[in-house]
There are 2 protein chains.
Amino acid sequence: MKGKATSFDIAHYAGVSQSTVSRALRNSPLVNEETRKRVFEVAKELNYKVDKNASNLRTQQSSTLALLLFEDPTADDSQINPFFLAMLGSITRACASEGYDLLVSFQSTSADWQADYEDSHRADGIILLGYGDYVDYQAKFRSLIDQNTKFVCWGASVDNRPDLTVSCDNYGGGKLAAEHLLKINRKDCAFIGDASEHSPEFFARYQGFKDEFTRHGVTLSERKMANAISTEESGYHATRSLIANNIAFNSLFAASDLIAIGAIRALKEAGIKVPDDVHVVGFDNIAVASFTNPPLTTVQQDTTLAGQMLVNNLLKLIRGDEVENTLLPPRLIIRGSSV
Amino acid sequence: MKGKATSFDIAHYAGVSQSTVSRALRNSPLVNEETRKRVFEVAKELNYKVDKNASNLRTQQSSTLALLLFEDPTADDSQINPFFLAMLGSITRACASEGYDLLVSFQSTSADWQADYEDSHRADGIILLGYGDYVDYQAKFRSLIDQNTKFVCWGASVDNRPDLTVSCDNYGGGKLAAEHLLKINRKDCAFIGDASEHSPEFFARYQGFKDEFTRHGVTLSERKMANAISTEESGYHATRSLIANNIAFNSLFAASDLIAIGAIRALKEAGIKVPDDVHVVGFDNIAVASFTNPPLTTVQQDTTLAGQMLVNNLLKLIRGDEVENTLLPPRLIIRGSSV
DNA sequence: CGACATTATGACACCGGTGTCAGGTTCGGA
DNA sequence: TCCGAACCTGACACCGGTGTCATAATGTCG
């Protein structure tokens, strides 16, 4: 036998028509039990596998989802945000358990990505991760929707957003962090991150954080805020600049764990002790968080659940079922950096 | 326009035949430049994308690689070995830069995985990562090769292994670790890992390590070895058992960083100071390694290069070019756990 | 001007399945 | 015995491209 076996080969050896082979292998009730058995035997014998291309072409669906990872460009190109990696893992798992394959692809935010995957019938739907370019997302998402592309987005569920999202309750997570610091009376707090609408996740975290402080009669000082994107480097430099400006604080809320880790490095370098002088709270609970020195108190996002919800919601969308935006509950994990 | 546009739609609007459309879009030199321009315009207008299923079916290739991740079953199912995640990232990148898509899938070692992906024409080739079931790999690999399946394996390049491998020079890496400990005179060394042929990577690391010690006239004691698989938990328990048996040592070589991290936890718990009482050296240089307390000295495997080589070699294999097993040089990274 | 190469295009079979339709067999009931 | 339902099977069109072959139009040269 040269090349792969086709259903015609099976038909030949099993002494039936190719149509019957196709039906038998897909467990159609139309086919006689004995015939089916014979077909399966021959198929096994010839090590036959259905050609997915032919099958997909005919049925116009692929049993495949595409995961597009958008990454903020970083200096060190090789490093991938560990939070995304964790999501990638859980999404892969969730896909597998639903019988779907997963195509993974990195995209640059600026590129004209345009959801090639679904248009070209390689995937039935798309999961967008880290699509941070919120300036023009409205237009892009609208055009996707106009093309009837099925996609789900991980990110902040901003009002009037046209797409379907799954996200962590960032606002609630910010509140959790604030509650914690308020309870232990560390009210002089700095914030490292980006509290503008440009990064809605960070914005929501800050809002929840701030509102909780306000509710307790504490006003956060704008001077104690520094901008950072979600990298260790950026967190380090932002924190250094606060220190350089002689801005004092006894606690620090970082918009992500990577930022927090960079912040801790800057603090240590300046001779400021964590947690004695400054309590630090991060966000994400990436794997590294429990190994930092001191271990990092953080707001956990449940990546396993997130992956499942992304996949489930996307599949619902593909099937045409009713779907709503999903908000996942965060959880505060207290470790050595704030006790 | 209902549904996606096909090449017939383009042909209709551009006033040419469907054949010409197909040729024009693939930049065939046979087609007139003006015709091509018109076709491209219409295609853009209609937001046309080539149907990959049809294209793949006809050409019998998919421009897609499959990555199969085999994981040793762990208690905490959700955690994925961070080293593999890093590899996943670099492989994805390498695929993208070669114009290939990547299908990712988790497999259980025991399952009858059988390389469905290539047989079903979903992928042109397969990358195997973490295929630890070395007991019967010969048979499985042989059958894959018999079926003319193109695949590359990340792992130890054992003699007589029938498959194509890319791997880190584990033996050399073990030597590096040994050199380091010998130089700083920490010769009373424990080894945590699996030094049997069942996990050839660990075996090679241990061999290189041991041989270097032997070369310096130092014999490693078998009593100071404990078995562990590559998880933090396993490293923790293995180290605890050494301690519980009152086995003394002033340095410890762990077959992987995860094991090393578990070992450090066990040592600390027993009141043994790292690095003062025991120097610890790991293997892999996962992201966490620089954040542990103390930061972990380790033998780095260059995952970026590894991903590139895996993809490049696999593509060569697919194209029918000559390919040889690849051995990547390790690098010692000295951090606080051993100074 | 005829022979022939060059260029550009269309018609058509083909990849390997799936779904529809028509037809043959068997069997129970009238 | 005849009829219709139930069951099973084969023939065939079809999914949307790609590659081959035939052919028309244009150019070249003796």
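Naming: A, B, ... by sequence-line order, numbering from 1 per chain. Note: hydrogens, waters and symmetry copies are ignored here, and every other heavy atom, side chains too, is used.
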Run the side-chain hydrogen bond (donor to acceptor under 3.5 Å, both in side chains) test against A:Thr20 and tell me which residues pass, sequence neighbours left out.
A:Ser17
The side-chain hydrogen bond (donor to acceptor under 3.5 Å, both in side chains) partners of A:Gln18 (sequence neighbours excluded) come to A:Ser7
A:Ser62 side chain vs A:Asp124 backbone, donor-acceptor pair below 3.5 Å:
yes
Are more than 12 heavy atoms, taken from residues, nucleotides or ligands other than A:Gln61, located less than 6.0 Å from that residue's CD atom?
yes
Which part of the nucleic acid does A:Ser7 contact within heavy-atom distance under 4.0 Å: base, sugar-phosphate only, or nothing?
sugar-phosphate
Contacts of B:Ser105 that satisfy side-chain hydrogen bond (donor to acceptor under 3.5 Å, both in side chains) - sequence neighbours left out
B:Gln107, B:Tyr117
How would you list, by chain and number, every residue that makes a side-chain hydrogen bond (donor to acceptor under 3.5 Å, both in side chains) with A:Thr303, sequence neighbours excluded?
none
Residues that B:Phe151 engages under ring pair (Phe, Tyr, Trp, His ring centres under 6.0 Å), provided they are two or more places apart
B:Phe141
With heavy atoms of chain B within less than 4.0 Å as the criterion, where does contact along DNA chain C begin and end?
C:dA8 to C:dG16
Could you work out, with salt bridge (charged side-chain N to carboxylate O under 4.0 Å, His left out) as the rule, every residue matching A:Glu33, not counting sequence neighbours?
A:Arg36
I want to confirm an ordering. Mapping B:Arg58 and B:Thr20 to their closest nucleotides on DNA chain C, which one lands closer to the 5' end?
B:Thr20
Do A:Arg23 and A:Ser19 have a side chain donor and acceptor closer than 3.5 Å?
no
Between the side chain of A:Thr92 and the main-chain N/O of A:Leu88, is any donor-acceptor distance below 3.5 Å?
yes
Can you tabulate the close N/O pairs, meaning under 3.5 Å, that link protein atoms to atoms of nucleotides 21-26 of chain D?
none

Rounded to 10°, the angle between the first-five-pair and last-five-pair axes of the helix from C:dC1-D:dG30 to C:dA30-D:dT1 is 50°
Could you list by number each residue of residues 28-43 of chain A showing a heavy-atom separation from DNA chain C of less than 4.0 Å, or answer none if no residue does?
none
If you look only at distance, which donor and acceptor atoms sit under 3.5 Å apart when one is on a side chain in residues 310-323 of chain B and the other is two or more places apart or in another chain?
residue: B:Asn312; atom: ND2; partner: B:Gln308; partner atom: O; Å: 3.4
residue: B:Asn313; atom: ND2; partner: B:Thr326; partner atom: OG1; Å: 2.8

Quick one: salt bridge (Lys or Arg N to Asp or Glu O under 4.0 Å) pairs with a partner in residues 98-107 of chain B, sequence neighbours left out?
A:Arg122-B:Asp101
For A:Gln60, which contact category applies under a 4.0 Å heavy-atom criterion: base, sugar-phosphate, or nothing?
sugar-phosphate
Classify the side-chain pair A:Ser97/A:Arg93 by whether it contains a donor and acceptor separated by less than 3.5 Å.
no
